[in-house]
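First the structure, in the form of structure tokens, and then the observations on it.
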Protein chains: 2
Amino acid sequence: MKEIDQNTELKILYAAQEEFLLKGMSGARMQGIADRAGINKALLHYYYRSKEKLFMAVFKLVISLFIPRLEKIINSEDVFFDKIRQFAKNYGHLLMKNPFLPLFILHEINRNPDSLVKEFFSRGINPEAFFAMVQREIDAGKIKAIDPCQLILNMLSLMIFPIAGRPLLQRVIYKNNKKEYDEMLKKRLEDVPEFIINSIKI
Amino acid sequence: MKEIDQNTELKILYAAQEEFLLKGMSGARMQGIADRAGINKALLHYYYRSKEKLFMAVFKLVISLFIPRLEKIINSEDVFFDKIRQFAKNYGHLLMKNPFLPLFILHEINRNPDSLVKEFFSRGINPEAFFAMVQREIDAGKIKAIDPCQLILNMLSLMIFPIAGRPLLQRVIYKNNKKEYDEMLKKRLEDVPEFIINSIKI
DNA sequence: GTCTATAAATTGATAGAC
DNA sequence: GTCTATCAATTTATAGAC
């Protein structure tokens, strides 16, 4: 907490994040984490009592980044379409900076849905306000009638899947051209919101 | 191959598929597979020499289901928009019947991209023909100019993500209402292609 | 082909010196 | 706080009887 790179506890946390994001809970190795942190295995247990506890610490850290800050968007002063554009831009950049995050979260929740969701998603996510906002736009005749759930699902799908599936998609569709894939992702930051808007505008 | 349910080799393969899909390569246990198959651990090694070999057999089986049969769509007699509708319907049903498949594939490829993609995706996928078809539609002035890669990415994203993310999305967005989520997925079989078409039609 | 018993290797966790 | 050495449990893999 105090020093920048001297703090062993934090060094461990970030090393664990690397290892867990790449290999998942069951594939990660305490030895691998210790190696990344440049310390000994025993120290891991000194700071975090068990692998499970360390995993939970990483998961919590990671969730706090990943959860879409819908509230921010909702409460902004922008008009609706600009809110969508803003969300795509912010959330897209976050995803591009943390490409392994979505797949990690989905995989771990798949393994243990109830307890992980209950523990980490019970607060902090409230789609109701977003739904209400969409409904107001519809009632005002500004966009087509659409199920708000579907709208949010479409946005998330279009933004997350190309990141989560990159190791496969880049190789199969883009002939493993990394640069081209990066450019495509960057382009989508603006294309996806227009794609969405195009489909709901009147 | 011969008998229906007597064939031990197949029984093992399907038991392994269950276990691997749920827990991934590193989370799966040979004991768990043996239990599902109702046989002994040793038999697994008799038919498949190692866990790795068994995993590869499952992965191959699973890939053969998962790869979109783009050729079928391309070579159909339908007009372009109907091809999209047809693809969404067929592929969507396949996904709904095998909901754990996408996340499993993505996670395993993430763990070991080069060798898995090279081994299992080298043949059988050829997006070029699809790209050419899209280009013809654009040249003929029937749809807006769009990058064919983006189009295919959008289709896959909209169809796969709600399935892959279900354990999280159903709980967070749908208050864990299973029936409602099922209905939403079913509705998307028709909504997604219209959403796509809406955004590219002139 | 199928089983029981066991080997061999991996790995999470702890004890104890410094 | 950090290390070395080691334990204990899990898990893949094999040997050998039937």
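Keep in mind that the numbers below use all heavy atoms, side chains included, and drop hydrogens, waters and symmetry copies. A note on names: the letters A, B, ... follow the listed sequences, proteins ahead of strands, and every chain is numbered from 1.
- Listed by chain and number, the residues in a ring pair (Phe, Tyr, Trp, His ring centres under 6.0 Å) with A/Phe130 amount to none (sequence neighbours excluded).
- Chain B approaches DNA chain C over the interval C/dG1 to C/dT4, counting the first and last nucleotide 5' to 3' with an atom under 4.0 Å from its heavy atoms.
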Show me the donor-acceptor pairs within less than 3.5 Å that the side chains of residues 100-109 of chain B make with the rest of the protein, sequence neighbours left out.
from     : atom 1 : to       : atom 2 : distance (Å)
B/Glu108 : OE1    : B/Arg111 : NE     : 2.7
B/Glu108 : OE1    : B/Arg111 : NH2    : 2.8
B/Glu108 : OE2    : B/Met25  : N      : 2.8

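- Evaluation of the salt bridge (Lys or Arg N to Asp or Glu O under 4.0 Å) rule for B/Lys175 yields A/Glu128 as partners, not counting sequence neighbours.
- For residues 42-51 of chain B, no pair satisfies side-chain hydrogen bond (donor to acceptor under 3.5 Å, both in side chains), with sequence neighbours left out.
- Sorted by first and then second residue, the side-chain hydrogen bond (donor to acceptor under 3.5 Å, both in side chains) pairs involving residues 16-28 of chain A (not counting sequence neighbours) are A/Glu18-A/Arg36, A/Glu19-A/Arg36, A/Ser26-B/Ser26.
- In this structure A/Tyr181 satisfies the ring pair (Phe, Tyr, Trp, His ring centres under 6.0 Å) test together with A/Tyr174, sequence neighbours excluded.
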Could you go through residues 159-166 of chain A and list every donor-acceptor pair under 3.5 Å that involves a side-chain atom there, pairing it with any protein atom two or more places apart or in another chain?
from     : atom 1 : to       : atom 2 : distance (Å)
A/Arg166 : NE     : A/Gln170 : OE1    : 2.7
A/Arg166 : NH1    : A/Asp182 : OD1    : 3.0
A/Arg166 : NH2    : A/Gln170 : OE1    : 2.9
A/Arg166 : NH2    : A/Lys178 : O      : 3.3
A/Arg166 : NH2    : A/Asp182 : OD1    : 3.4

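- Residues from residues 25-47 of chain A placing a heavy atom under 4.0 Å of any atom in DNA chain C, listed by number, are A/Ala28, A/Arg29, A/Met30, A/Lys41, A/Ala42, A/His45.
- For B/Glu180, there are no salt bridge (Lys or Arg N to Asp or Glu O under 4.0 Å) partners, not counting sequence neighbours.
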Got a list of side-chain donor-acceptor pairs under 3.5 Å for residues 53-64 of chain B, not counting sequence neighbours?
from    : atom 1 : to      : atom 2 : distance (Å)
B/Ser64 : OG     : B/Leu61 : O      : 2.6

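- Regarding B/Glu52, its CD atom lies at a distance of 12 Å from the P atom of D/dT12, rounded to whole Å.
- Residues from residues 53-60 of chain A that place a heavy atom under 4.0 Å from any atom of DNA chain C: there are none.
- Checked by atom type and distance alone, the side chain of B/Arg188 never pairs as donor or acceptor with a backbone atom of B/Pro193 at under 3.5 Å.
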